[in-house]
**Q** 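To start, I am sharing the structure in question, which I have written as structure tokens.
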Amino acid sequence: MVDALGVAVVGFGWMGRVHTQAYARVRHHYPELALRPELVVVAEEVPGRAEEAAERFGFTATTRNWREVAADPRVGAVSVTAPNFLHREIGVAMAGAGKHLWIEKPVGLTVEDARAVADAVAAAGVQGAVGFNYRNAPAVEAARDLIASGELGALTHVRIRLFSDYAAHPDGALTWRYERERGGSGVLGDLASHGADLARFLLGDITALTADTAVFVPERARPAGATAGHARAAGGALGRVENEDYVSCLLRFASGARGVLEACRVSVGEQNNYGFEVHGTKGAVFWDFRRMNELGVSRGTAYQDQPVSTVFVGPGHGEFGAFQPGAANAMGYDDLKVVEAYRFLRSVAEGVPHGATLADAVHSASVLDAMTRSVRDGGWADVHPGGWR
């Protein structure tokens, strides 16, 4: 027997739509799932946006006040896809109301925010999932398995890159993303949070780092009204960009491996250039999000002039088999969020976590916190994955 689970989405920009579509698709790909998500209510403060979402996707109710979601007995699980500065307040309230929580990264503006939501989820005994979607790519999970197998030898170093041009246009609107009070740490929270999660997912805990940041587009025009995504606002009054466009970081891992993490939101000519290269004493593995279903793999006994082979992921790698019947059939970005929805709902059904959790969010936030301290103090900063309090 399949039980219904009433779900709500709080914040209906692009990511709210992605979560909603994932709920709608999840049982198509996972018919064995013991829960059937039902779209109950969508909360969005921008006039008309919730009503449009309800008409398009079938939510039975709308509200401009997210607190009504916390009080709604029909809702058992909530997706929080609102702006970063609202994550802590909404996340803590939803967990306190007994709602299971699927929340987007970076889970607030600080490591304290992420810890507060994690503590609220633990205290309430509900399940919590976080939107670190890139770790859900079957190729990334295959890379992790390859690393764990020891075929690459002892890991020596990794390079993780997250380059995008979404903020490169000088007419890009001065939205909440560029303000410290509402957006937090700029590209650190937006892209580097994914990089920190991938680094730990693949190589284990980061113990220390040194970082540098920069703002390359110092002023932007204020938008005249509500915005979604990365809107432009040419001609508006100019305001100062308060958080980082760029970060570069040297990493030290508990294993002894070294790393480089670099992220930028104003990289002209780069569209979602996300990926990693992991090197060991016997081989290496390479992944590029733009070729999401492939891995470059070098392994053997040659050491010098050892070739790199292209491996196409297929059934047996991560969740690939839930989407495609054979290797080299493409999966896409939205599929990664369906995987996320499945793991979240499975966690709710079974009462044990599957996929990225609030603990992972706290770990990522602790790395971002160390980056901020490193830039402030001008040197190496320790990462304290268990020492936030």
Side-chain angles (χ1 to χ4, degrees), residues 1-83 86-87 89-91 93-105 117 121 124 126-131 133 136 226 228-229 319 322-323 332-350 354-356:
M1 181 178 177
V2 176
D3 294 327
L5 177 69
V7 300
V9 176
V10 177
F12 208 84
W14 170 63
M15 188 53 67
R17 176 178 58 79
V18 173
H19 275 233
T20 300
Q21 292 174 166
Y23 284 127
R25 292 178 53 199
V26 66
R27 282 189 54 80
H28 297 168
H29 297 278
Y30 298 95
E32 75 282 4
L33 187 62
L35 290 174
R36 181 181 71 254
E38 294 184 348
L39 300 176
V40 174
V41 59
V42 55
E44 170 58 62
E45 65 178 13
V46 176
R49 193 178 283 176
E51 290 75 15
E52 180 183 351
E55 181 178 356
R56 183 174 179 183
F57 295 104
F59 290 94
T60 58
T62 66
T63 181
R64 292 180 62 183
N65 184 353
W66 61 261
R67 292 173 180 82
E68 294 181 3
V69 175
D72 194 330
R74 299 172 300 169
V75 175
V78 179
S79 280
V80 177
T81 55
L86 295 171
H87 285 186
E89 184 180 11
I90 297 175
M94 294 302 172
K99 317 296 187 188
H100 301 286
L101 191 66
W102 179 12
I103 188 168
E104 274 304 313
K105 57 82 200 167
V117 179
V121 165
V126 297
Q127 294 298 313
V130 179
N133 45 273
N136 296 327
E319 298 293 334
F323 297 86
Y333 176 90
D334 284 8
D335 295 331
L336 302 185
K337 302 305 280 192
V338 175
V339 173
E340 221 168 271
Y342 163 66
R343 289 175 171 168
F344 171 52
L345 294 170
R346 184 181 172 194
S347 299
V348 174
E350 298 179 4
H354 297 277

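Everything quoted here is computed from the prediction, not taken from an experiment. Just so you know, residue 1 is the first one in the sequence shown, and it goes up from there.
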**Q** Under 6.0 Å from the CD atom of E45, do we count more than 12 heavy atoms belonging to anything else shown?
**A**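 Atom CD in E45 is not crowded, with 12 or fewer foreign heavy atoms closer than 6.0 Å.
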**Q** Is the shortest heavy-atom distance from the side chain of F57 to the side chain of Q21 under 4.5 Å?
**A**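 The answer is yes, as the side chains (C-beta and beyond) meet within the 4.5 Å cut-off.
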**Q** Only pairs at least two apart or in different chains count here, so list each salt bridge (Lys or Arg N to Asp or Glu O under 4.0 Å) that has a residue in residues 14-35.
**A**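 Of all non-adjacent pairs touching residues 14-35, those that pass salt bridge (Lys or Arg N to Asp or Glu O under 4.0 Å) are R25-D335.
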**Q** Y30 pairs by side chain to side chain donor-acceptor pair (under 3.5 Å) with which of R346, E319, R343?
**A**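 Per the side chain to side chain donor-acceptor pair (under 3.5 Å) rule, the option paired with Y30 is E319, out of R346, E319, R343.
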**Q** Which pair of heavy atoms, one from A22 and one from A341, lies closest together, and at what distance?
**A**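 Scanning both residues, the minimum pair turns out to be CB-CB, 3.9 Å.
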**Q** Within a radius of less than 6.0 Å around CD of E52, do more than 12 heavy atoms belonging to other residues, nucleotides or ligands occur?
**A**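 Check fails, neighbour count at 12 or below.
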**Q** Going by heavy atoms in the side chains, are V80 and H87 under 4.5 Å from each other?
**A**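 Heavy-atom side-chain distance check passes, below 4.5 Å.
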**Q** Rounded to the nearest 0.5 Å, how far does NE2 of H19 lie from CD of E104?
**A**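 Between E104 CD and H19 NE2, I get 3.5 Å after rounding to 0.5 Å.
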**Q** Is there side-chain contact between S79 and F344, with heavy atoms separated by less than 4.5 Å?
**A**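 When only atoms from C-beta onward are counted, F344 and S79 do not touch, as no gap falls below 4.5 Å.
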**Q** When you measure from the side chain of E44 to the backbone N and O of F12, does any donor-acceptor pair fall under 3.5 Å?
**A**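 Pair found, side chain donor or acceptor close to backbone of F12.
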**Q** Got R64 and R49 here, is their nearest side-chain heavy-atom distance under 4.5 Å?
**A**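 R64 does not reach R49 side chain to side chain.
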**Q** Please report the shortest heavy-atom distance between G16 and T81, naming the atom on each side.
**A**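 Heavy atoms only, the tightest pair is CA-OG1, 3.3 Å.
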**Q** If I take atom CZ from residue R67 and atom CE from residue M94, how far apart are they, to the nearest 0.5 angstrom?
**A**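 It is 9.0 Å, given to the nearest 0.5 Å.
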**Q** Would you say the side chain of V9 lies within less than 4.5 Å of the side chain of Y23, judging by non-hydrogen atoms?
**A**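 Sidechains of V9 and Y23: in contact.
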**Q** So, K99 side chain and D72 main chain: donor-acceptor pair closer than 3.5 Å or not?
**A**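 Yes: the side chain of K99 pairs with the backbone of D72.
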**Q** Closest approach of V69 and A8, non-hydrogen atoms and distance?
**A**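 That would be CG1-CB, 3.6 Å.
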**Q** Below 4.5 Å, heavy atoms only, C-beta onward: do F59 and L39 meet side chain to side chain?
**A**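 Yes, close enough: below the 4.5 Å cut-off.
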**Q** Between Y342 and H29, is there a side-chain heavy-atom distance shorter than 4.5 Å?
**A**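 The answer is no; the side chains never approach within 4.5 Å.
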**Q** Are any of the side-chain heavy atoms of V78 and W66 separated by less than 4.5 Å?
**A**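 No; the side chains remain at least 4.5 Å from each other.
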**Q** Starting at CG of L35, measure out to OG of S347 and round the result to the nearest 0.5 Å.
**A**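 Here the interatomic distance stands at 10.5 Å.
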**Q** Can you name the closest pair of heavy atoms from A61 and R74 and give their distance?
**A**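 Minimum heavy-atom contact is CB-NH2, 3.8 Å.
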**Q** Say whether, by atom type as modelled, one donor and one acceptor occur between the side chain of T63 and the main chain of A43 under 3.5 angstrom.
**A**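 No.
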**Q** Looking at every non-hydrogen atom in both residues, tell me the closest pair between V7 and V75 and how far apart they are.
**A**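 So the two residues come closest at C-CG1, 4.5 Å.
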**Q** Using modelled atom types only, decide if a donor and an acceptor are shared between the side chain of T60 and the backbone of V40 within a distance under 3.5 Å.
**A**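 Yes, the answer is positive, given that a donor and an acceptor are paired below the 3.5 Å cut-off.
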**Q** Looking at A54 and V42, what are the two nearest heavy atoms and their distance?
**A**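 Where A54 meets V42 most closely, the heavy atoms are N-CG1, 4.4 Å.
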